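So the structure is just underneath, and the comments pick up after that.
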Amino acid sequence: MSTLEEICSGLLVEPLPENGGRNPGLPHAPTRTPHLTAAEERLALRNALRYFPPCHHATLATEFAQELRQHGHIYMYRFCPPMRIKAYPIHQYPCRTPQAAAIMLMIMNNLDPAVAQFPQELVTYGGNGQVFSNWAQFRLVMHYLSVMTEEQTLVLYSGHPMGLFPSLPSSPRAIITNGMVIPNYSSREQYEKMFALGVSMYGQMTAGSYCYIGPQGIVHGTMLTLLNAGRRYLGSGDLRGRVLVTSGLGGMSGAQAKAAVIAGCIGVVAEVDEAPIRKRHEQGWLMEMSSSLDHCIQRIREARAAKLPLSLGYHGNIVDLWERLVLEHQRTGELLVDLGSDQTSLHNPFSGGYYPVQLSFRQANQLMASSPGQFRTAVEESLKRHVAAIDTLAEAGMFFWDYGNAFLLEAQRAGAKVAKEEGSGGATEFRYPSYVQHIMGDIFSLGFGPFRWVCTSCDPKDLEVTDQIAAAVLEEIAVGVSEGVRQQYHDNIRWIREAGKHQMVVGSMARILYSDQKGRVCIALAINKAIADGRVSAPVVISRDHHDVSGTDSPFRETSNVYDGSAFCADMAVQNFVGDAFRGATWVSLHNGGGVGWGEVVNGGFGLVLDGSEEAAKRASLMLNWDVSNGVARRCWSGNSNAYETMERSMEAETQLRVTMPYAVEDQRVLDQALDQALD
């Protein structure tokens, strides 16, 4: 059994560690199909071997070639540590600076088997959201962090540690980029090749930035989405007796069942893979599971009649569930579903992110590897059936939204008729809205988004104290705000008061809530003060999901409600990354892809260590104010009225903030008249 000291000693090769191979007790990533040429296979091996001295090349080349041929990627399983990987208390990490130790803790949490989707393939969530490309990178990064001083910065290119470079104490301790590819080459096919070659990586969002906190984050976001969907579509946030049907219980999607129960509704979630269903059931996040559609229909009827919260996992394909709900409606006239969505990993549709209804789970995995073209055709046919069933139920009164997982985008590419009527929508609009367009977009424009923190002591008592601090802060600042802002505060106060009861923690001692700019700053400063006076026993890392006000440019998700033509522009996310770096973040990251998929998104994140010092308070205040106001300013300029009002309030509160404000065209006839005259 290795230790933290051994892991932090670097890439030890004298002697080579025993090759334990793949652990059969863990879930593993589907086989990748990069379609490398013979020359490209040689290049992939040469790239992998450059981490090791030549005396070991013959041994390692043989097993790396086997990994490449068998799994489509060189993971270097030999170098996967035999010790339990998880978040250990910060003082246990051998290091010279607590900032580096905090990063190490966050990395190990992302790879904890209780947290990660495919831990031995270094995938945290989403099917291909990598922390690193291989285990040599993990060991080198841990070593660099252990020897780093506060005058060095670790630079990472798509998982590869380029090295430690001299910097300032005020500089970030780590700068991370993932998948930064020349735009014309940012295609799905090119990604598969570049990942197999070991030169680029899909970091998803918080996988490659080391800021994932388990499915708690999306439990909270999904709960808020459901409450606000009820208010918009059903006329009430009281969801008792209401039914949500969706799919996915794996990585982030595993949160849906828990969120449904917290919101008070009946959540029925389909999942083709038995392992995640059992995992969520054992965690207590899924109340019941069944492989019988008859039983599922019976339980829906019983729970609706009793108006009791229920989370039911259906072990089967979501298309079968939708089609059975259609059949029930045709037979009885009874619509058994009120709200519908989908969280299959359709950013990765042909490599395990979506399983076609025509095939069993085992058959799909076999066809995926043996005949990618046939598998692709099966996925496209399944998506068309999927949409057809949803269409039938929507016409009967169900409300459906795209959850930003590229469901409608990939369905359209497959040939399903999901486009809006000609002339009635822009390039980012479909027949069904994204949850950002109809539900969360206006919340982002108020400055609210997923703020989170991690207690590095790993002590539940510290988390309890920070929960109390956050609730008290929100209750204080909720006085004297507009009704829309007050509703968001109250939803989050309810969440934080009940978070302990719902046993949200999986992995590190972390918490998330949605807050606006003022709330984030006030919570961070209050936690920092609690560290200074000893109420919290160790430093706290503050962060956020990349899925936020400013962190992500994603035309089919986070910025899908930006209608001034800039939805496909990525200035906001890049500016956020740069601005966070020089305003005090401990580490920053910038990624291609995330949520909707490679080439579809640019997103970034940060981590900032609060240690109780005045310097930490200054950094937190400066950086968090920027981190929110950047996105609100962009949304304001695009014409969002919520963002306009939010920015006006922000400028009143901060005299050094001056934002260019838009003038609206009040008389639309001016546009037509001007264009008509120009033609003349």
Side-chain angles (χ1 to χ4, degrees), residues 1-29 31-32 41 44-88 92-95 100-101 103-124 130-148 154 156 158-164 195-198 201 207 210:
M1 180 66 70
S2 59
T3 64
L4 288 175
E5 287 75 14
E6 187 271 329
I7 285 177
C8 293
S9 297
L11 192 53
L12 301 178
V13 295
E14 300 299 344
L16 287 172
E18 181 181 348
N19 186 2
R22 301 208 328 172
N23 182 344
L26 293 174
H28 291 282
T31 300
R32 299 183 182 279
E41 286 185 323
L45 282 177
R46 187 160 62 243
N47 287 346
L49 291 172
R50 53 187 171 175
Y51 286 103
F52 307 96
C55 60
H56 296 298
H57 284 185
T59 299
L60 294 177
T62 301
E63 65 189 58
F64 289 171
Q66 183 67 24
E67 287 185 23
L68 183 63
R69 290 276 178 87
Q70 187 171 353
H71 307 302
H73 187 74
I74 300 171
Y75 295 106
M76 306 185 186
Y77 291 113
R78 177 189 289 269
F79 298 95
C80 177
M83 76 175 291
R84 168 67 191 275
I85 297 182
K86 66 173 187 175
Y88 290 91
Q92 294 185 20
Y93 291 93
C95 64
I103 301 172
M104 295 159 84
L105 179 152
M106 300 290 279
I107 288 172
M108 293 190 72
N109 185 68
N110 269 26
L111 294 170
D112 181 346
V115 173
Q117 186 178 14
F118 305 125
Q120 276 203 296
E121 286 75 45
L122 303 107
V123 172
T124 300
Q130 304 284 149
V131 184
F132 300 107
S133 182
N134 59 59
W135 286 102
Q137 293 175 351
F138 167 80
R139 287 180 174 270
L140 286 172
V141 167
M142 295 296 282
H143 175 64
Y144 280 132
L145 290 169
S146 71
V147 300
M148 168 191 287
L154 176 61
L156 293 112
S158 290
H160 170 68
M162 194 57 67
L164 292 173
F195 182 60
L197 293 174
M201 188 181 87
Y210 320 146

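What you see below is based on every heavy atom in this structure, not just the backbone, and it leaves out hydrogens, waters and symmetry mates. Worth saying up front: this structure is predicted, and the values here are computed from it rather than measured.
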query: What distance do C80 atom SG and N134 atom CG have between them, rounded to the nearest 0.5 Å?
result: 11.5 Å
message: For the SG atom of C95 and the CE atom of M104, what is their distance to the nearest 0.5 Å?
response: 6.0 Å
message: Would you say that I107 contacts N110 through its side chain, given a criterion of any heavy-atom pair below 4.5 Å between the two side chains?
response: no
field: For H57, side-chain contact (heavy atoms from CB on, under 4.5 Å) partners two or more places apart
entry: L49, F52, P54
For residues 10-19, please give each side-chain donor-acceptor pair under 3.5 Å, one per line with the distance, not counting sequence neighbours.
{"from": "E14", "atom 1": "OE2", "to": "H56", "atom 2": "NE2", "distance (Å)": "3.0"}
{"from": "N19", "atom 1": "OD1", "to": "G21", "atom 2": "N", "distance (Å)": "3.0"}

query: Which residue pairs pass the salt bridge (Lys or Arg N to Asp or Glu O under 4.0 Å) test with at least one member in residues 72-82, sequence neighbours excluded?
result: E63-R78
message: Strictly by salt bridge (Lys or Arg N to Asp or Glu O under 4.0 Å), give each pair with a member in residues 46-61 just once, sequence neighbours left out.
response: none
message: My understanding is that only residues two or more places apart in sequence, or in another chain, count here; which of them pass side-chain hydrogen bond (donor to acceptor under 3.5 Å, both in side chains) with Y88?
response: none
Any residue meeting side-chain hydrogen bond (donor to acceptor under 3.5 Å, both in side chains) with Y77, in chain and number order, not counting sequence neighbours: R22, E121
Listed partners of R69 passing side-chain hydrogen bond (donor to acceptor under 3.5 Å, both in side chains), at least two apart: E41
statement: Heavy-atom nearest pair, P119 first then L111, reads CB-O, 3.8 Å
task: Check the pair M148 / L145 against side chain to side chain contact (heavy atoms under 4.5 Å, CB included), numbers first and verdict last.
output: CA-CA 5 Å; M148 168 191 287; L145 290 169; 3.9 Å; yes
field: Set of side-chain contact (heavy atoms from CB on, under 4.5 Å) partners for H160, sequence neighbours left out
entry: Y51, Q137, M162
query: How many angstroms lie between CE in M142 and CE in M108, if you round to the nearest 0.5 Å?
result: 5.0 Å
field: Where A136 and M76 come nearest, the two heavy atoms and their spacing
entry: CB-SD, 3.5 Å
message: Among residues at least two apart in sequence or on other chains, which ones pass side-chain contact (heavy atoms from CB on, under 4.5 Å) with L45?
response: F64, A65, I74
task: Would you check, one step at a time, whether the test side chain to side chain contact (heavy atoms under 4.5 Å, CB included) holds for V141 with L156?
output: CA-CA 9 Å; V141 167; L156 293 112; 3.5 Å; yes
- prompt: Out of L140, L164, I103, which residue meets the side-chain contact (heavy atoms from CB on, under 4.5 Å) rule with L154?
  reply: L164
- line: Those residues at least two apart in sequence (or on a different chain) that pass ring pair (Phe, Tyr, Trp, His ring centres under 6.0 Å) with F118 are none
task: Any chance you could measure T124, atom OG1, to D112, atom CG, to the nearest 0.5 Å?
output: 10.0 Å
query: Roughly how far, to the nearest 0.5 Å, is the CE atom of M83 from the NZ atom of K86?
result: 8.5 Å
Closest approach of G159 to F132 (non-hydrogen atoms, all atoms of both residues): O-CD2, 3.4 Å
- prompt: Taking all non-hydrogen atoms of both residues, which atom of E5 and which atom of P94 are closest, and how far apart?
  reply: CA-CG, 4.2 Å
task: Could I get the full list of side-chain hydrogen bond (donor to acceptor under 3.5 Å, both in side chains) partners for Y93, not counting sequence neighbours?
output: none
- prompt: Heavy-atom distance under 4.5 Å between the side chains of Q120 and Y75, does that happen here?
  reply: no
message: Tell me the closest heavy-atom pair linking A58 and T62, and the distance in Å.
response: O-OG1, 3.1 Å
- line: Distance col, row I7:CD1 vs F79:CZ, nearest 0.5 angstrom, shows 14.0 Å
- request: Tell me, please, which residues at least two apart from T31 pass side-chain contact (heavy atoms from CB on, under 4.5 Å).
  value: A369
- request: Measure the acute angle between the ring planes of F195 and H73, then classify it against the limits of 30° and 60° as parallel, tilted or perpendicular.
  value: parallel
